[in-house]
Amino acid sequence: PENFLAYEDFDNTPNYKDFRKSWAAHEQDYRGGDPTWSGGKGKGIIGAINYLAEKGMNAFSFIPMNIEGDDRNVFPYISDSPGDDRLRIDVSKTAQWEVLFEHADEMGLNLHFKTQEIENSQLLDGGALGNERKLYYRELVARFSHHLALTWNIGEENTNTVEERKAFADYIKQIDPYQHHVVIHNNFKAHQATYAPLLGYPTYDGVSLQSSPSTIFYDTLEWRTRSADAGHKWVVANDEQNPAKDGVKPDANDPAHDVIRQDVLW
């Protein structure tokens with residue numbers, strides 16, 4: 001989920017609206033020899049990574065800063081307060097995140113960093129590329145860009161301008177020595193307004209789609225074709241399928257997953 005990192009064993013992680021997770025159900029998936037921190041913490045979330053890998057998954061996504069967002073419990077700073085605290089990184093917590101990400105590497109999972117969401121896309125520097133946002137990107141790149149498979153998502157649903165979106169991607173490409181994949185997401189009603197102005201733009205490598213099962217094939221084909229015609233072919237991924245309340249239903253509710261298998265995965 002977006003708030004995967006809202007985990008009770010990470011330092012300095014609050015419990016706004018009781019959304020913080022224990023991942024206790026996945027402690028059974030922890031294996032002897034897997035990493036922990038602070039005297040044995042982290043078995044639940046490490047077990048969750050093991051579970052994903054065991055089921056054949058090769059990627060997971062999360063928002064590393066959701067202040068003012070849906071969850072509000074995840075941030076790399078020493079607090080969620082405005083002002084100078086947005087320029088101070090919690091080195092203990094981010095080191096614990098790194099233990100998790102190293103294990104995800106070992107298990108063959110891509111780290112999909114959704115760097116913001118619609119509720120906080122104007123939080124740093126009023127939506128611009130200023131000191132707060134530059135520090136946020138720089139710290140993410142400095143601490144985590146060495147991982148083997150990684151995607152920088154400029155924004156899950158977001159309200160930034162075209163020029164801001166271009167500036168964000170330019171800056172990440174400028175500072176990322178590994179030149180990881182850069183994409184952008186938006187809701188299904190905003191595909192044209194978000195993606196079309198970025199066609200052919202060199203620092204975007206693809207898009208991250210929100211769509212519906214019945215239209216995913218056509219949406220993917222559209223942006224693959226249009227990006228190729230613009231001279232810079234994108235990698236197009238389905239990131240989120242509607243309805244939002246379902247996504248992919250649990251096996252108990254949809255054992256065969258016919259719609260997902262036929263219309264999304266195929």
* To do: Please determine, by modelled atom types, if Gln116 and Asn158 share a side-chain donor-acceptor pair under 3.5 angstrom.
  => no
* Considering only Ile, Leu, Val, Met, Phe, Trp and Tyr, and joining two whenever side-chain heavy atoms are under 4.5 Å apart, list the other residues clustered with Val248. => Ile216, Ile260, Val264, Leu265
* Pick one: which of Ile49, Ile46, Asp34 meets side chain to side chain contact (heavy atoms under 4.5 Å, CB included) with Met107? -> Ile49
* Asked: Do the rings of Trp23 and Phe4 sit parallel, tilted or perpendicular, given the 30° and 60° boundaries?
  -> tilted
* To do: Starting at CD1 of Ile89, measure out to CG of Leu140 and round the result to the nearest 0.5 Å.
  => 7.5 Å
* Asked: More than 12 foreign heavy atoms under 6.0 Å from NZ of Lys173: is that the case here?
  -> yes
* Please check if any side-chain donor atom of His147 sits under 3.5 Å from a side-chain acceptor atom of Asn110, or the reverse. => no
* To do: State the CG-CG distance between Leu100 and Asp9, to the nearest 0.5 angstrom.
  => 11.5 Å
* Asked: Out of curiosity, does Ile172 fall in the hydrophobic cluster containing Phe113 (side-chain heavy atoms, cut-off under 4.5 Å, transitive links)?
  -> yes
* Asked: Same hydrophobic cluster for Leu209 and Phe62, using side-chain heavy-atom links shorter than 4.5 Å among ILVMFWY?
  -> yes
* Asked: Between His26 and Tyr51, what is the ring plane arrangement, given parallel below 30°, perpendicular above 60°, and tilted in between?
  -> tilted
* Asked: Among side-chain atoms of Asn73 and Thr13, is any donor-acceptor pair under 3.5 angstrom?
  -> no
* Show your working on salt bridge (charged side-chain N to carboxylate O under 4.0 Å, His left out) between Asp258 and Arg261 and close with a plain yes or no. => CA-CA 5 Å; Asp258 287 341; Arg261 287 188 298 105; 2.4 Å; yes
* Asked: Looking at His181, Lys114, His112, which one forms a side-chain hydrogen bond (donor to acceptor under 3.5 Å, both in side chains) with Asn153?
  -> His112
* For residues Tyr201 and Asp170, is any side-chain donor paired with an opposing acceptor at under 3.5 Å? -> yes
* Asked: Relative to the ring of Tyr7, is the ring of Phe10 parallel (under 30°), tilted (30 to 60°) or perpendicular (over 60°)?
  -> perpendicular
* Structure fact -> Here the gap from Tyr195 atom OH to Asp219 atom CG, rounded to the nearest 0.5 Å, amounts to 8.5 Å
* **Pair His180-Asp205, side-chain donor/acceptor within less than 3.5 Å** => no
* Verify same cluster id: Ile63, Tyr136 (apolar side-chain graph, 4.5 Å) -> no
* Is the NZ or CZ atom of Arg72 both under 6.0 Å from the centre of the six-membered ring of Phe19 and within 45° of that ring's axis? -> no
